There are 2 protein chains.
Amino acid sequence: MHSPTQLAQIFREKQLKLTPQRQLLFGLLHENKAHPSAESLFEVASKQMPGISLRTVYQTLGELAEMGELQLVDVGDGAKRFDPNMGEHHHFVCESCGSIHDVEISSTPKIRGEGAGYEVNDVGVVFHGKCTRCGESTKRSPGHQAKKQVAKTK
Amino acid sequence: MHSPTQLAQIFREKQLKLTPQRQLLFGLLHENKAHPSAESLFEVASKQMPGISLRTVYQTLGELAEMGELQLVDVGDGAKRFDPNMGEHHHFVCESCGSIHDVEISSTPKIRGEGAGYEVNDVGVVFHGKCTRCGESTKRSPGHQAKKQVAKTK
DNA sequence: AGCTAATTTGCAAGTATTGCTAACTAACAA
DNA sequence: TTGTTAGTTAGCAATACTTGCAAATTAGCT
Ligand SMILES: [Mn+2]
Ligand SMILES: [Mn+2]
Ligand SMILES: [Zn+2]
Ligand SMILES: [Zn+2]
């Protein structure tokens with residue numbers, strides 16, 4: 001995703017308005033590695049802008065995704081996640097705390113056998129397991145982060 | 001998934017009743033390669049047993065999944081898919097017709113870099129693209145199977 | 001045939017997300 | 001500044017998928 005400043009530029013060019021809501025979200029998403037859901041972003045945004053609508057968060061995230069500024073990540077837990085990291089990468093989901101981490105895989109897996117002729121346009125790899133923090137705390141409290149991942153706290 | 005006969009055996013042992021609803025669903029799922037959703041199975045089941053409840057379909061599918069007889073597949077289209085193929089495999093989703101196919105990949109991708117220490121318990125790989133049928137029909141009607149995948153037609 | 005725990009059903013409710021539209025406002029012009 | 005207006009926001013209804021609940025039904029056993 002481009003920086004908030006660059007996004008502002010892009011929006012102006014397309015004669016899209018630079019509203020405070022959008023600017024806030026641009027900032028919350030910038031460099032955000034948390035893979036937040038619309039809901040979690042809404043919660044964080046609400047603290048800085050009480051009254052902002054969840055609908056607006058969905059709207060803005062949708063627009064950014066359409067503009068190719070955000071990637072949609074589905075880790076199978078119901079809610080879509082938004083990822084400003086547009087580079088090619090995959091995800092690891094800690095089944096203990098729910099945190100989502102970027103991972104690189106040694107090689108994009110190739111289809112073998114009969115399906116080898118499919119025209120593949122996208123590959124999504126999601127690993128489920130225990131993150132470093134949760135893995136080592138087997139004897140300690142397992143839910144050090146019981147709640148779902150929260151958007152970057154600015 | 002075990003065969004309907006074997007499932008009947010298993011159910012009896014656990015003193016679970018062998019209802020007509022369950023038997024019908026065992027049959028519809030057996031060797032089913034369509035990766036049906038609860039809804040699509042319900043539609044097919046309804047033809048052979050008018051009046052069967054969607055709730056019962058969900059219930060039964062849930063039980064079978066818990067018993068390790070079915071695999072849950074999430075291809076990111078909203079509804080969960082049920083897969084009697086418990087072998088290790090991944091999926092290809094045709095973005096044109098929505099069909100879901102089993103695929104083997106040349107090697108389970110390994111995480112590289114900083115995340116290499118994660119304890120991985122499951123890997124899900126979903127390929128999105130055009131299936132053979134849709135890929136070759138670029139100039140022909142693209143929606144030869146407009147509707148979502150339907151459960152095996154008995 | 002009768003008993004009863006398991007099962008099925010219908011319906012309400014829950015979660016995530018989108019559709020609709022009236023009220024609002026950023027951006028530009030006068 | 002004030003006015004204009006196309007673009008935006010916010011609220012709420014509606015949708016899609018799935019689960020919770022309780023009453024009615026029934027498979028399996030005696
Ligand atoms: Mn990511
Ligand atoms: Mn499969
Ligand atoms: Zn963790
Ligand atoms: Zn196809």
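All of these numbers come straight from a predicted model, not from anything done at the bench. Just so it is clear: chains get the letters A, B, ... in the order the sequence lines come, proteins before strands, and each one is counted from 1.
Remark: the A/K17 side chain and the C/dT25 base include a donor-acceptor N/O pair separated by less than 3.5 Å. Side-chain to base pairing of B/R55 with D/dG20: one donor and one acceptor N or O lie within less than 3.5 Å of each other.
Spacing between atom CG of B/L54 and atom P of D/dC21 amounts to 18 Å, rounded to whole angstrom units. Taking atom CD of residue B/E63 and atom P of nucleotide D/dT18, one finds them 16 Å apart after rounding to whole Å. Distance CG (B/L25) to P (C/dT9): 10 Å, rounded to an integer number of Å. Going from atom CZ of A/R81 over to atom P of C/dT15 covers 16 Å, rounded to whole Å. Note: CD (A/Q59) to P (C/dA16) measures 19 Å, nearest angstrom. Atom-to-atom, CZ of A/R22 to P of C/dC24 comes out at 19 Å; the value is rounded to the nearest Å. The separation between B/E39 atom CD and D/dT19 atom C1' is 15 Å, rounded to whole Å. For the pair A/K14 NZ and C/dA26 C1', the interatomic distance rounds to 19 Å; values are reported in whole Å.
Residue whose closest nucleotide on DNA chain D sits further toward the 5' end, between B/K80 and B/Q21: B/K80. Position along DNA chain C of the nearest nucleotide to A/A79 versus A/T19 favours A/A79 as the more 5'-ward residue. Remark on DNA chain C: of its neighbouring residues B/Q15 and B/G51, the 5'-side contact belongs to B/Q15, judged by nearest-heavy-atom nucleotide.
Residue A/E13 places its CD atom among more than 12 non-hydrogen atoms of other residues, nucleotides or ligands, all under 6.0 Å distant.
Each of C/dA26, D/dT9, D/dT19 was ranked by its minimum atom distance to the side chain of A/T56; first place goes to D/dT9.
For the pair B/E104 (side chain) and B/H89 (backbone), a donor-acceptor distance under 3.5 Å is absent.
Between B/Y58 and D/dT18, a side-chain N or O to OP1/OP2 separation shorter than 4.0 Å is present.
A/Y118 and B/H101 have their aromatic ring centers within a separation under 6.0 angstrom. In this structure, A/Y58 has its ring center at least 6.0 angstrom away from the ring center of A/F42.
For the pair B/F11 and B/R22, the minimum side-chain heavy-atom distance is below 4.5 Å.
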